[in-house]
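Down below is the structure, laid out as C-alpha cells.
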Amino acid sequence: MTETDAPRQADLFASMQRAGRILFAATALLVAACQSIVPKGPGPGQPAGPVETGPEVTQGLPTDTLRHRVALLVPMSGPNAGVGQSIANATTLALLDTKADKVRITTYDTGIGAAAAVNKALADGNKLILGPLLAEDARIAGPIAARANVPVISFSNDTSVAGNGVYIMGYNPNQSIERVVEFAKGKGLSHFAALVPKGVYGERSGTALLRAVEGVGGTVVSMQTFDRNPASITAAVRKLQASSSYDALLIADSGKVAMQVAPIVRKNGGATARLLGTELWNTDSGLASSPVLRGAWFASVSDGLYSQLATKYRARYGNAPFRLSALGYDAVLLTVRIARDWKPGTTFPAARLRDAGGFAGIDGAFRFGRDGIAERALEVSEIGAGTFTVVAPAPRAFAE
C-alpha cells in the first residue's frame with residue numbers, strides 16, 4: 001500500500017513544471033456538465049519506476065479531514081504488475097499537473113487478492129475506488145464496495161461488469177467497431193465481412209459488427225471465426241471467399257494478428273476489400289510498416305495528448321508507460337473535477353459521474369451512461385506508409 005498526494009510530491013516535481021504546462025492546459029478542458037484482455041501496447045517489459053511513497057502505514061491511515069481519500073486498486077505484483085505500476089505512476093503525474101491539494105490517493109495491490117485490497121481500502125476510509133484493472137477483480141471488488149456505498153471506476157473494458165456502482169473506463173471494442181463501420185458506410189461501403197478470433201473478445205466483436213452494420217443499413221455477408229494459427233486463419237479466409245463478395249472486412253484482433261491475416265486475405269478473394277480494425281490496433285505502431293495494410297481504417301481514442309503524457313512520463317520515470325496508463329491519469333482528472341464540490345469525508349457524489357456533458361482528458365471526451373459504461377469520442381485513422389493519418393477527428397465534446 002502506498003500513498004500519493006500533491007503536497008508531498010511538489011518539491012520533486014518543481015523541475016517538471018515547465019514541461020508540464022502544455023499537458024496541464026489539456027486538463028483544463030474538463031467538461032463539467034477487461035473483459036480481461038489487457039492491450040499492453042508499447043511499454044516496458046518490467047515494472048516502471050516506483051510510485052512515490054510515504055512512510056509505510058501498518059495500523060491504518062491517519063485521520064485526514066482536509067483531503068479526499070481515494071483508493072487506487074491495481075496489480076503491483078504478479079504478471080500485470082508492469083501495467084499496474086504504470087497506471088499508478090500516471091495518477092501521480094495527474095495529481096501534480098492539476099496541483100490537487102484536496103485529494104490523496106493510496107495504492108492497494110490487487111495482485112495479492114482483490115477482496116483483501118478492497119476491504120483494506122474501505123477500512124482505511126477511502127470514499128472512491130479507481131480500478132481494478134481486470135474484470136475478474138472488478139467482479140469481486142464491486143459488490144464489496146457497493147455495501148459501503150463507495151463507487152468503483154474500473155479500468156476494465158468488460159461491459160458485463162458495469163452497473164450496481166461499478167463504472168467501466170476501459171476502451172470498448174463495441175464502440176470502435178461502431179465508429180469505423182459508420183465511417184466506412186459514409187464512404188460508400190455496404191457489404192461487410194468479419195474475421196473474429198474464437199473467445200469472448202471475438203464473440204462480442206462479432207455481435208458489435210452485426211448491430212453496427214444493421215444500424216447504418218449495410219449488409220453482413222459473412223463472418224468467420226479462427227484460432228490464432230496459420231492453418232485456421234487460412235481456412236477462415238477461404239470460407240469468406242466461398243460465401244460471398246464483400247467490400248469491407250473487419251479483422252477483430254490485435255495488430256500483430258492483422259499483419260498475419262491481411263496477406264492471406266489479399267491472395268484469397270479480398271484483394272480490393274477495405275480492411276477495418278478495432279481499438280487494439282492503436283497500440284501497435286508496427287502496423288504502419290506493413291504494405292499490405294496500407295489504406296486500412298480503425299477507430300480509437302486520440303493519441304495526440306497521450307504522446308505528451310508519454311514524453312513527460314519517460315522524463316520522470318526513465319522508461320515508457322503502458323498505453324493504459326492514460327486511464328489512470330484521466331480517472332484522476334475526473335476525481336479532481338468532482339472534488340471541487342465534494343466535501344472531504346462525505347460520500348462521493350456518484351450522480352456527478354453521469355453528467356450528460358461528460359468529461360475530457362488525455363484520451364479525449366468521455367461520459368458514463370446509466371449502464372456505467374464509458375462512452376468515448378473516437379477518431380478514425382488510416383494506415384499509410386510508415387504513419388497513421390487521422391481521416392475523421394474525434395468530437396471534442398458530447399451534445400447534451
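Owing to the predicted nature of the structure, the values given are computational and were not obtained by experimental measurement. The first residue of the sequence shown is numbered 1, and numbering continues consecutively from there.
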Report yes if the side chains of Asp363 and Met169 come closer than 4.5 Å at any heavy-atom pair, otherwise no.
no

Residues sharing Leu250's hydrophobic cluster, by side-chain heavy-atom contacts under 4.5 Å among ILVMFWY, directly or via others?
Ile177, Val180, Val181, Phe183, Leu189, Phe192, Val196, Leu209, Leu210, Val213, Val216, Val220, Met223, Leu276, Trp297, Val380, Val391

Residue pair Leu333 / Asp330, side-chain heavy-atom distance below 4.5 Å
yes

Over all atoms of both residues, closest heavy-atom pair of Asp253 and Leu280:
C-CD1, 3.9 Å

4.5 Å side-chain heavy-atom contact, Leu309 and Tyr306
yes

Is it the case that the side chains of Tyr329 and Asp97 hold a donor-acceptor pair, with the cut-off being a distance below 3.5 Å and no angle test?
yes

Close side-chain approach of Leu122 and Val150, heavy atoms under 4.5 Å:
yes

Would you say that Leu72 contacts Phe155 through its side chain, given a criterion of any heavy-atom pair below 4.5 Å between the two side chains?
yes

In a check of side-chain hydrogen bond (donor to acceptor under 3.5 Å, both in side chains) between Tyr171 and each of Arg376, Glu279, Arg323, which one passes?
Arg323

Side chains of Asn89 and Gln85: is there a donor and an acceptor less than 3.5 Å apart?
yes

For the atom pair CG (Leu327) and CZ (Phe366), what is the distance rounded to the nearest 0.5 Å?
9.0 Å

Can you tell me if CG on Asn164 sees more than 12 non-hydrogen neighbours from other groups inside 6.0 Å?
no

Could you state the interatomic distance from CG (Asp124) to CG (Asn119), rounded to the nearest 0.5 Å?
11.0 Å

Quick one: do Ile129 and Tyr108 satisfy side-chain contact (heavy atoms from CB on, under 4.5 Å)? Show the steps, please.
CA-CA 10 Å; Ile129 292 174; Tyr108 299 82; over 6 Å; no

Closest approach of Gly345 to Lys127 (non-hydrogen atoms, all atoms of both residues):
O-CE, 3.5 Å

Paired with Leu130, the side-chain contact (heavy atoms from CB on, under 4.5 Å) test is passed by just one of Thr107, Leu334, Thr335, namely Thr335

Test side-chain contact (heavy atoms from CB on, under 4.5 Å) on Ser86 and Tyr317 and set out the steps.
CA-CA 10 Å; Ser86 192; Tyr317 296 106; over 6 Å; no

Yes or no on side-chain contact (heavy atoms from CB on, under 4.5 Å) for Val332 and Val103, after CA distance, side-chain angles and deciding distance?
CA-CA 9 Å; Val332 173; Val103 177; 5.8 Å; no

Side chain to side chain, Leu353 and Ile153, heavy atoms closer than 4.5 Å
yes

Decide side-chain contact (heavy atoms from CB on, under 4.5 Å) for Ile168 and Phe368; before the verdict, give the C-alpha distance in whole Å, the side-chain angles of both, and the deciding distance to 0.1 Å.
CA-CA 8 Å; Ile168 299 300; Phe368 293 105; 5.8 Å; no

Heavy-atom neighbours of Lys185 NZ exceed 12 at 6.0 Å
yes

Does the Ser154 side chain pair with the main chain of Ala138, one donor and one acceptor, at a distance under 3.5 Å?
no

For Ser232 and Asp227, which heavy atoms make the closest approach, and how far apart are they?
OG-N, 2.7 Å

Kindly give the heavy-atom pair with the smallest separation between Ala236 and Leu195, and that separation in Å.
CB-CD2, 3.8 Å

Within-4.5 Å side-chain heavy-atom neighbours: Ile140 and Val118
no

Just how far is it from atom CG of Asn172 to atom OG1 of Thr159, taken to the nearest 0.5 Å?
6.0 Å

Looking only at heavy atoms, what is the nearest atom pair of Gly328 and Ile87, with distance?
CA-CG2, 3.8 Å

